[in-house]
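Whatever order the structure lists ligands and atoms in, that order sets their numbers, starting from 1. Positions are given from 1, in the same order as the sequence printed here.
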Amino acid sequence: MKIGNVESYMNDIIAKEGAAYAVLIDPDEKNYAEIAEKVKDYADVIIIGGSIGICDLDKITKDIKEITNLPTILFPGNVDGITKEADALFYMTLMNSKNTYWTITAPTLGCIKIKKEGIEPIPMAYIGIEPIQNTAVGYVGEVNAIPSAKPEIAAMYCLSASYFGMRWAYLEAGSGAKFPVSSKAIATAKHLADINVIVGGGIRDPETAFEKVMYGADVIVTGTLTEQNPDAVKEMRNAIKKAGLKKLEKLTNL
Ligand SMILES: CC(C)=CCC/C(C)=C/CC/C(C)=C/CC/C(C)=C/COP(=O)(O)OP(=O)(O)O
Ligand SMILES: O=P(O)(O)OC[C@@H](O)CO
Ligand SMILES: [Mg+2]
């Protein structure tokens, strides 16, 4: 399967800047247009999705695209999270769900529409990490949460995902998580698996974002922070890019 434009764009940013910044906009958020306006100059991509969504996704996605002029990637909470207005979609399997609906059936039920609408699928292993069990995604996705004290289990899922041919793994603590995915889990995953690692859930300040990138995160996602305070996006971007370049320097000086 060939790599599409949005995925190549993300790979280029990661190669040149060491890390990319994805702002999650929940289409259920009433002030999505205001958020889009405020983040457009600082996010690299906008990911659009909600874990319990009843909204006019076509219009909202079109509006966000027009306002930001950034690549939009769907982050579907179910088969109703697909719209032709988006540039790409995380074709995701919730790898450690107890219910096969979330590991294989939901994406499969969506794949023909994704093909028909010409949306670029980005294969992604979506991996739920403690404290995801206390968040909407953990509940809806019936996740068998990986203990935060067991980074090697998270890393094992990333290696497995890479052997399944996935190019992206999303270590997810859950939207609004009390604490983010551990840096040890990120570093262990990057050490073990040749896969791009997205980290999201509970990242509320630039210092945390900086640390997660230094430990290996290729993409940082913020949703709650930038929904509540879109202006935070500027210092988040600065921290992510500063860490990204530092990480690249370290790698080239090996
Ligand atoms: C690829 C296709 C068509 C479907 C995949 C469907 C799968 C596997 C979904 C995984 C389970 C799930 C509920 C994912 C939701 C991901 C998401 C949009 C998280 C963000 O949720 P928020 O809306 O920010 O959380 P709150 O509801 O707490 O605000
Ligand atoms: O809302 P936050 O906690 O930033 O989490 C973002 C994303 O990982 C949610 O799926
Ligand atoms: Mg939400």
Taking the basic N atoms (NZ, or NE/NH1/NH2) and the acidic carboxylate oxygens, is any pair closer than 4.0 Å for [X] and [Y]?
X      : Y      : result
Glu152 : Lys150 : yes
Asp63  : Lys59  : yes
Lys65  : Glu85  : no
Asp44  : Lys241 : yes
Asp218 : Lys190 : yes

Atoms of ligand 2, numbered as shown, that sit under 4.0 Å from any heavy atom of [X]:
X      : result
Thr222 : 4 (O)
Gly200 : 8 (O)
Ser175 : 1 (O), 2 (P), 3 (O), 5 (O), 9 (C)
Gly202 : 2 (P), 3 (O)
Thr224 : 1 (O), 2 (P), 3 (O), 4 (O)
Gly174 : 3 (O)
Gly176 : 1 (O), 2 (P), 3 (O)
Glu172 : 7 (C), 8 (O), 9 (C), 10 (O)

Do you know the tightest heavy-atom contact between Ile195 and Ser162?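 Closest approach of Ile195 to Ser162, heavy atoms only: CD1-N, 3.9 Å.
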
For atom 7 (C) of ligand 2, the protein heavy atom that lies nearest, with its residue and separation: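 Looking only at protein heavy atoms, the one closest to atom 7 (C) of ligand 2 is Tyr170 OH, 3.2 Å.
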
Tell me: protein heavy atom nearest atom 4 (O) of ligand 2, and distance?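 The closest one turns out to be Gly223 N, 2.8 Å.
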
For the 3.5 Å polar cut-off, considering only N or O atoms, please tell me whether [X] and ligand 2 meet it.
X      : answer
Val137 : no
Gly201 : yes
Phe75  : no

Out of [options], who gets a non-hydrogen atom closest to [atom]?
atom                    : options                       : value
atom 9 (C) of ligand 1  : Ala136, Gly176, Pro76, Pro123 : Pro76
atom 24 (O) of ligand 1 : Gly110, Ser175, Gly201        : Ser175
atom 29 (O) of ligand 1 : Asp26, Val137, Leu24          : Asp26

Note, Ile64 side chain near Tyr32 side chain (heavy atom, < 4.5 Å):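 Yes - at least one pair of side-chain heavy atoms lies under 4.5 Å apart.
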
Are any non-hydrogen side-chain atoms of Ile48 and Ile73 less than 4.5 angstrom apart?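 Result no, sub-4.5 Å side-chain heavy-atom pair not found.
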
So for [X], does at least one of its heavy atoms come nearer than 4.0 angstrom to any atom of ligand 1?
X      : answer
Gly223 : no
Asp28  : no
Thr135 : no

Would [X] count as a polar contact of ligand 1, with the cut-off being nitrogen or oxygen pairs under 3.5 Å?
X      : answer
Tyr126 : no
Thr93  : no
Glu172 : no

Can [X] and [Y] be counted as having a side-chain donor-acceptor contact under 3.5 angstrom?
X      : Y      : value
Ser8   : Asn5   : no
Thr222 : Tyr21  : yes
Thr72  : Asp87  : yes
Ser97  : Glu142 : no

Taking only heavy atoms of Gly50, which atoms of ligand 1 are found under 4.0 Å from at least one of them?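 Under 4.0 Å from Gly50, ligand 1 has these atoms: 18 (C), 23 (O).
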
List every atom of ligand 1 that sits less than 4.0 Å from any heavy atom of Gly49, numbering the atoms from 1 in the order shown and giving each element.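 Those of ligand 1 that fall under 4.0 Å from Gly49 are 18 (C).
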
Would you mind telling me if ligand 2 is within reach of the side chain of Leu24, the backbone, both or neither, using heavy atoms under 4.0 Å?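 Contact part for Leu24 vs ligand 2: side chain (C-beta onward).
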
Determine whether the side chain, the backbone, both or neither of Arg204 has a heavy atom under 4.0 Å from any heavy atom of ligand 2.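 It is the side chain that touches ligand 2; the backbone stays farther off.
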
Could you tell me how the ring of Phe75 sits relative to the ring of Tyr170: parallel (under 30°), tilted (30 to 60°) or perpendicular (over 60°)?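 Ring orientation, 0 to 90° scale: parallel.
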
For ligand 2, is Pro180 a contact, meaning one of its heavy atoms is under 4.0 Å away?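 Flag not set, Pro180 not near ligand 2.
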
Val140-Tyr126 co-clustered via ILVMFWY side chain contacts under 4.5 Å: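 Same hydrophobic cluster.
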
Name every donor-acceptor pair, under 3.5 Å, that has one atom in a side chain of residues 127-134 and the other anywhere in the protein, sequence neighbours excluded.
residue	atom	partner	partner atom	Å
Glu130	OE1	Ser148	N	2.6
Glu130	OE1	Ser148	OG	2.9

In terms of heavy-atom contacts, does CZ of Phe179 have more than 12 from other residues, nucleotides or ligands at under 6.0 Å?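 More than 12 heavy atoms, drawn from other residues, nucleotides or ligands, come within 6.0 Å of this atom.
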
